[in-house]
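What you see is a predicted model; the values in this text were computed from it and never measured.
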Amino acid sequence: MTQNTQRPLIEGITAAIVGVSDFAPHLELFTGRLGYAVAAEGAVPAAVADALWGTGPADLEVVALAAAGSGTGRIHLVRVPEPVAPAEPPHNLDVGLVGIDMYARDIKAAHAELGAAGHPWTVAPTTYGVAVGEREVEVTQGICPAPDGTVVVFVQPAAVRGTEAWDADPERSYTELTSVVCHVPDPDAEVAFWGPRGLGMDVWYDVVFSSPGFDEVAGLPDGTRMRLAFLAGEKTARIEVTSADAEHRVDRRAAQRPARSLGHSGWSVRTRDLAAALESVRRTGGRVLAGPVETDDPWHGRATAASVDTPNGVSVTLWQPLG
């Protein structure tokens with residue numbers, strides 16, 4: 001594991017941004033079935049939204065969802081009246097954002113209950129092994145499509161890494177988001193951007209593996225060699241950076257822009273020092289697209305925010321609370 005020896009600029013992924021055509025089906029799944037709660041709702045002012053994301057002269061309707069009050073691993077829903085592309089779930093070999101992950105206490109029960117409630121899974125719970133160094137790590141995963149092309153990956157972990165939601169409510173069936181996933185052409189650049197010499201997340205592991213079970217779960221050609229870099233901060237929601245020796249499929253990055261696209265379209269990241277974070281973005285090959293701008297909205301509270309791209313074109317909104 002590569003650890004940061006200095007105080008990190010960020011604490012993890014605060015939220016996955018999910019564009020929606022209609023809030024109702026997302027709320028039915030995330031609040032009605034998975035136990036999230038509405039932490040805040042309202043609008044991002046048009047001037048702020050347009051400055052950050054280029055959305056035009058209208059306020060943006062937004063909802064922030066939290067699990068057991070967790071301040072990390074949230075889901076930020078935004079209504080997108082005129083999306084830049086139709087909703088379509090990404091494949092694990094598509095370039096850009098892929099799934100959002102959370103732990104399930106009993107994944108077989110989750111599979112049965114969600115299927116009976118009208119949320120059939122595309123991949124039933126499957127257990128496979130991944131070589132991490134000299135250890136074989138056992139993983140049990142299943143995949144459930146969410147509305148608007150969002151992909152939810154449920155994980156029943158062999159060893160639970162700390163989660164704020166389960167710390168607050170150990171009886172919960174599901175946690176906050178435990179990780180967000182991107183598939184990129186330049187994983188070295190992405191790891192450097194987020195890692196100890198960038199925004200300050202630790203590299204828990206960075207491995208190349210091949211697993212028939214993972215090929216089945218992820219829909220990969222047999223024998224695919226996958227690189228997985230796992231980055232973690234002080235809070236729960238972590239980053240999985242993937243790349244593979246198989247041919248890339250669709251490049252989805254142009255159609256994954258916050259507040260302009262449906263589905264998993266960006267990440268929201270709280271920072272203790274926005275100016276220093278933006279300096280790090282530039283130094284490690286990212287791009288500052290807009291900001292800083294001041295805002296007071298349901299997602300960020302009173303804050304200054306900026307829109308950036310990682311070296312691989314993943315959209316990130318960095319923000320620092322005011323006061």
So, Phe154 versus Tyr174, ring centres under 6.0 angstrom or not? yes
Compute the centroid of each ring, for His91 and then for His183, and state whether the two points are separated by less than 6.0 Å.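 So the answer is no for these two rings.
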Would you kindly say whether [X] and [Y] are connected by a side-chain donor-acceptor distance under 3.5 Å?
X	Y	result
Thr150	His264	no
Gln156	Thr140	no
Glu190	Thr310	yes
Tyr128	Gln141	yes
Asp148	Ser21	yes
Gln256	Ser261	no
Ser268	Trp319	yes

Working to the nearest 0.5 Å, report the span between [atom1] of [X] and [atom2] of [Y].
X	Y	atom1	atom2	result
Ile143	Thr122	CD1	OG1	5.0 Å
Leu177	Thr14	CG	OG1	11.0 Å
Leu231	Asp206	CG	CG	8.0 Å
Phe230	Leu228	CZ	CG	7.5 Å
Ser179	Ile100	OG	CD1	10.0 Å
His248	Asp94	NE2	CG	10.0 Å

Any donor-acceptor pair under 3.5 Å from Asp297 side chain to Trp299 backbone: yes
Side-chain donor or acceptor of Tyr36 paired with backbone N/O of Ile75 under 3.5 Å: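 Pair absent, no side-chain N/O of Tyr36 close to backbone of Ile75.
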Can you name the closest pair of heavy atoms from [X] and [Y] and give their distance?
X	Y	answer
Leu60	Ala259	CD1-CB, 3.4 Å
Ala165	Ala67	CB-O, 3.7 Å
Pro258	Ser315	CD-OG, 3.0 Å

Lys235, Arg172, Glu176 screened by side-chain hydrogen bond (donor to acceptor under 3.5 Å, both in side chains) with Thr163, the one that passes: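 One option only clears the test, and that one is Glu176.
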Sole residue of Val207, Asp188, Val184 in side-chain contact (heavy atoms from CB on, under 4.5 Å) with Arg227: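 Single side-chain contact (heavy atoms from CB on, under 4.5 Å) partner of Arg227 among Val207, Asp188, Val184: Asp188.
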Does the distance from a Lys or Arg side-chain N to an Asp or Glu carboxylate O, for Glu88 and Arg252, drop under 4.0 Å? yes
Salt-bridge contact Arg225-Asp215 (side-chain N to carboxylate O under 4.0 Å):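 Salt bridge: no.
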Identify whether NZ of Lys or CZ of Arg in Arg238 sits under 6.0 Å from the centre of the six-membered ring of Trp194 and within 45° of that ring's axis.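 No, a cation-pi geometry is absent between Arg238 and Trp194.
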Neighbour count >12 (heavy atoms, 6.0 Å) for atom CZ, Arg287: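 At most 12 heavy atoms, drawn from other residues, nucleotides or ligands, come within 6.0 Å of this atom.
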What's the verdict on salt bridge (Lys or Arg N to Asp or Glu O under 4.0 Å) for Arg7 and Asp273, showing C-alpha distance, side-chain angles and the deciding distance? CA-CA 11 Å; Arg7 187 182 178 197; Asp273 187 336; over 6 Å; no
Do Leu262 and Val98 belong to the same hydrophobic cluster, where Ile, Leu, Val, Met, Phe, Trp and Tyr are linked whenever their side-chain heavy atoms lie under 4.5 Å apart, directly or via other members?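 Result: no, two separate clusters.
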